Structures are given as C-alpha cells and as structure tokens.
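So the structure is just underneath, and the comments pick up after that.
Below, chains carry the letters A, B, ... as their sequence lines are ordered, and counting in each starts from 1. What you see is a predicted model, and the numbers here were worked out from it, not measured in a lab. Computed over heavy atoms, backbone and side chain alike; hydrogens, waters and symmetry mates excluded.
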2 protein chains.
Amino acid sequence: MRAEVLRRIHARDWAPGALIPTEEALAQEFGCARATVNRALRELAETGVLERRRKAGTRVALSPPRRATLDIPVTRLEVEGRGQAYGFHLLEQRLREAPAPVTSRLGLAPGLELLQLKTLHLADGRPFLLEDRWLNPAVLPDPAPDFAAISANEWLVGHVPYTTGDIAFSAASASAEEAEVLGLAEGAALFIVERSTWERDLPVTTVRLAYAPGYRLRTVV
Amino acid sequence: MRAEVLRRIHARDWAPGALIPTEEALAQEFGCARATVNRALRELAETGVLERRRKAGTRVALSPPRRATLDIPVTRLEVEGRGQAYGFHLLEQRLREAPAPVTSRLGLAPGLELLQLKTLHLADGRPFLLEDRWLNPAVLPDPAPDFAAISANEWLVGHVPYTTGDIAFSAASASAEEAEVLGLAEGAALFIVERSTWERDLPVTTVRLAYAPGYRLRTVV
DNA sequence: GAGTGGTCTAGACCACGTT
DNA sequence: ACGTGGTCTAGACCACTCC
C-alpha cells in the first residue's frame, strides 16, 4: 500500500504538485479499509513526500522530502561503538555568573549563577571532543554529583532525561585555548554542536561541543 | 493519552528502563480502544522515548530521546527565507572521469565519466555556499538542461525528486581555491554537508556543500 | 454547506521473540 | 507454547477549511 503509493510517485503516475485520490477512493481501489490508507498516507506526509490538508485533499509534495532523522549520539557510546576506549577529564568546574549569551539561550535572568563544566572527552586516550557546559543548579540534587567520576552528559541522561531542546550545527576555528586542549594548531576547523535543553519549562543545560577534526555526523534520508 | 503517558514518564511514575503496562491493560485503564493506545505508544517509540519489543513489552528508554528531525533546506529558499536576495554562478561544468572517492560513494564503476558542476551560491551578492557536484549523466535528458540558467539543485528537485540518500556533516579548513572563491582567508573553518542520492538503485548525484563562516543548521528535539 | 482528512471504537488475526 | 506488539477491518463521528 505504502509501497504502491511511492511507486506511483516515482513513476510520475502522480506528478509533483498533483492531487491524488481521496482516502475513500484509494481504499476501494486497493480493497482495504480507509484506516489503512490513512495510515500509509499519514506516514508519507510525515516524511515529507505528501502534503495533506483537510478538504483540499492530498498532494504530492513539490519540494522534495528533505527531512532526515538524526540520532544524536551519546559521546561514550559513540566512541565505544567505534571500538575505541572512552575516557574523559573534567578540566574545570565552577559556579559563576553566566554570561548574557548563555542566560539568554536558556531564557534565564541575566547574572544568574550557573555551574560551568569544561570536559575533555578522549578516544583511545586522544582528544576527541571538548565540552563546555552550563548547568542550572536548580536541577542538581544536594549534594551535587561528582562530575569528575561521572560525565555530566551521562548523569543528565540518567537523572534528567526526557527533555526538549534545540540543536545547532556549525563550524568554527579553534581558539588558542581549544587548540591547546585538543592538541591542534590554532585555527583548525572544528565541528560545533550547540544544544540547549529544558525539562518542561525548567532550563536544564546548554552545552557547546567542539569536535576534533575528522569527525563526521551521518544520517540517512 | 499520549500526553498522560509522557506525564508519567516525566513524573517518574514509570522510571527509565521500567516496563510499562501492556496495551490491553492501558486501554482498560484509560477506557479507550487498544488501537488508540497502540498509536500513542508507537509514536512515542518513534521519537525514542519508549522502546518496544514483541513479547518483551514496552519499556521507558534508558538513553534519552536524542532523535531530531532535520529539514534539509533548499539553498535558494533558505537564502530568500532570510530576506536576502539569492543568486548563483556556475563556475565550472565538465564531463570527466570521476575520481575514485566519488565513484565509490555512489557505488559506480571506477573511471566512469560524470558531469562535474561547481557552483557558487550568493546571498545579497555575497558568497554563501560553494557547491561541488557530480551528476550521473544517465539521469539527464538529451539535450541536457542549461545549468547556468537553473541551478542543478533546483533542476534535480523538479525532475528527479523522491530520492533516497545519505548525508554527512563535518567541518573543514578552506583550501586555497575555496578561500578564493568564497572570499575568505585560507584555512577558514567551513561547515561541510556531503550528500549522495539515488533514485531507486540508480545513482543520481553526490555533492559537497561548503558553507561560508557564520552558517548554522538548526533543529528541535 | 459540503467534502476532506483526523481520530476513534471493537474486534480480529498475525508475526515475532521469549520461554 | 504463549504473550506481546503490529496491523488490519468496518464503521462512526468530528474538525477543519475551502467554496
């Protein structure tokens, strides 16, 4: 059913932009229930192949289905998945007034004190990723966990999961500090991931991950 | 229904890793049909919040739902969406033997002749993105379209849509050639997107996009 | 107003994986 | 073997939105 609809789109039986038959008509043609057609078409709409509007009907999308699902890796698992040994060093940990860009990203009042953690993640003992994280102390238990023993990332995964958030990907040249920590020449091209997360409306953390050269994030469309 | 399940997960009524009741039990508890429960749980499993296995039951995921859907932008629309004027220059177009990395990415025989297109995309007249594309001539009509008039990207969208493919994101330092074309210093950090696409099993194109500094790709989890 | 998709019910059978 | 989720049917009502 789903496959047949896709075939017709590929075969140009239904051209991009064209209206396709209603669910009821397709159900009759395929000899199946409307719910089955509905599910097939709904799933295709979710991947971006079709566009559906009540009353207006279902159209083959004009712009192509450029929607990919991206699995955001957990650093330790990602490193171990390559067959490398994972390790990390907590470089710095201090409670301090967060700079304006950080508080504004999280929607917090300026000048609030957040816990800043700088962590270097290692693969087979070599620098893999430099993490600069700001944590909302409100989410931490008392006493706070020992982030030298468990990485902040893993602690959060186990204790504050099921968050919402946004992610941005970009590239940046390594600063002097980043270059030194990662063992690179200053100005080397780093792959940057910035994430901010909330649990319901409570800001949890914002983090900047700077990956050593050679890192690639992959997905399938 | 979906919301209530999410609430229980957030509230730790159901802890990470814990087994939740069967669909039938939940249907009774909520006073709704099993199909309704099934849909809610299936959708949550798709976002990564739950893990489902036949016979084993449904568990709250241990690793958090780090699955993002990424909308791959069409360059012209992305530029225009920022309120900037879009333009492009076809820098180079030639049929030549593709190097091994290119043919292997597409699963083609080495030494096959492909159409190489180098295109500079502009936003408000300033370099925005350098595109290095290899096109399978087998997908082109005779005569071939004029890629100086319509960008290869847009032609493909209109004439060979509904492809499958893979995407990789990374960072790279600008080569001398890239730096000159993009108007940057050599070694500047570029955000790199590499895409290969197929229509069914027919290799269509592989492309490397090098974005000028400042570019950010965003998404929401 | 009327036609479309969105969602639900109640029931059934099947596929798979654990046991 | 058995229990779980996966998927289907046939029918119903509702919500939206285009005309």
Side-chain angles (χ1 to χ4, degrees), chain A residues 1-10 13-67 69 71 161-162 220, chain B residues 1-10 13-67 69 71 161-162 220:
Chain A
M1 166 76 227
R2 225 188 94 123
E4 170 61 13
V5 171
L6 266 181
R7 191 198 64 73
R8 295 189 184 186
I9 292 170
H10 275 106
D13 293 351
W14 297 332
L19 213 53
I20 77 172
T22 66
E23 293 188 351
E24 202 156 353
L26 287 173
Q28 279 194 15
E29 184 190 335
F30 287 113
C32 67
R34 186 169 80 91
T36 309
V37 176
N38 177 276
R39 179 169 174 186
L41 298 188
R42 179 163 39 81
E43 288 179 352
L44 288 172
E46 272 163 18
T47 70
V49 174
L50 296 176
E51 285 175 1
R52 319 196 72 194
R53 287 210 322 279
R54 280 167 154 123
K55 166 74 180 176
T58 299
R59 294 179 178 279
V60 179
L62 271 176
S63 49
R66 293 304 180 227
R67 186 164 304 156
T69 70
D71 283 309
Y162 314 116
V220 172
Chain B
M1 166 76 228
R2 225 188 93 123
E4 170 61 12
V5 171
L6 266 181
R7 190 197 64 73
R8 295 190 184 186
I9 292 170
H10 274 106
D13 292 352
W14 297 332
L19 213 51
I20 76 172
T22 65
E23 293 188 351
E24 204 156 351
L26 287 174
Q28 279 193 16
E29 183 189 337
F30 287 112
C32 67
R34 187 169 78 91
T36 309
V37 177
N38 176 275
R39 181 170 172 185
L41 298 188
R42 179 162 40 79
E43 288 178 353
L44 289 172
E46 273 162 18
T47 70
V49 175
L50 296 176
E51 285 175 0
R52 319 196 74 193
R53 288 209 323 280
R54 282 166 152 123
K55 168 76 180 172
T58 300
R59 292 179 180 280
V60 179
L62 271 177
S63 49
R66 293 301 182 230
R67 187 163 303 156
T69 70
D71 283 311
Y162 314 115
V220 172

Only counting residues at least two apart or in another chain, list the ones meeting side-chain contact (heavy atoms from CB on, under 4.5 Å) with [X].
X	value
A:A56	A:R53
B:A25	B:P21, B:T22
A:L6	A:H10, A:L44, A:V49

(message) What's the separation between atom OG1 in B:T69 and atom CD in A:E46, rounded to the nearest 0.5 Å?
(response) 10.0 Å
(message) Just verifying a value: how many Å separate A:L26 CG and A:T36 OG1, rounded to the nearest 0.5 Å?
(response) 11.5 Å
(message) Do B:I20 and B:I9 make a side-chain contact, defined as non-hydrogen atoms from C-beta onward lying under 4.5 Å apart?
(response) no
(request) Would you check if A:V60 and A:L50 make a side-chain contact, meaning some heavy-atom pair closer than 4.5 Å? (result) yes
Atom [atom1] of [X] to atom [atom2] of [N]: distance rounded to whole Å?
X	N	atom1	atom2	result
A:R59	D:dT17	CZ	C1'	14 Å
B:E46	D:dT7	CD	C1'	14 Å
B:E23	C:dA10	CD	C1'	15 Å
A:F30	D:dA10	CZ	P	16 Å
A:E24	D:dA12	CD	P	12 Å
B:L50	D:dT4	CG	P	16 Å
A:Q28	C:dT4	CD	C1'	15 Å
B:L19	D:dG5	CG	C1'	12 Å

(request) Taking all non-hydrogen atoms of both residues into account, name the closest pair between A:C32 and A:V37 and its distance. (result) SG-CG2, 3.7 Å
Among all residues two or more places apart in sequence or in another chain, which pass the salt bridge (charged side-chain N to carboxylate O under 4.0 Å, His left out) test with [X]?
X	answer
B:R34	B:E23
A:E43	A:R2, A:R39
B:E4	B:R7, B:R8

(request) Nearest-nucleotide wise, let me know which of A:C32 and B:A56 is further upstream toward the 5' end of DNA chain D. (result) B:A56
(request) Could you check A:R53 against A:A33 and say which one's nearest nucleotide on DNA chain D is further toward the 5' end? (result) A:A33
(message) Which nucleotide wins on minimum distance to the side chain of B:R52, given the candidates C:dG6, D:dT9, D:dG6?
(response) D:dG6
(request) May I ask you to list the residues of residues 35-45 of chain A, by number, that have any heavy atom positioned under 4.0 Å from an atom of DNA chain C? (result) A:N38
(message) Using five pairs at each end of the helix from C:dG1-D:dC18 to C:dT18-D:dA1 to define an axis, what is the angle between those two axes, to 10°?
(response) 20°
(message) For A:E24, I'd like to know if atom CD has over 12 heavy atoms of other residues, nucleotides or ligands within 6.0 Å.
(response) no
Tabulate atom names and distances for all N/O pairs under 3.5 angstrom spanning the protein and nucleotides 13-16 of chain C.
| unit_1 | atom_1 | unit_2 | atom_2 | d |
| --- | --- | --- | --- | --- |
| C:dA15 | N3 | B:R54 | NE | 3.1 |

(request) Could you tell me whether the phosphate oxygens of D:dG5, OP1 or OP2, come under 4.0 Å of any side-chain nitrogen or oxygen in B:T58? (result) yes
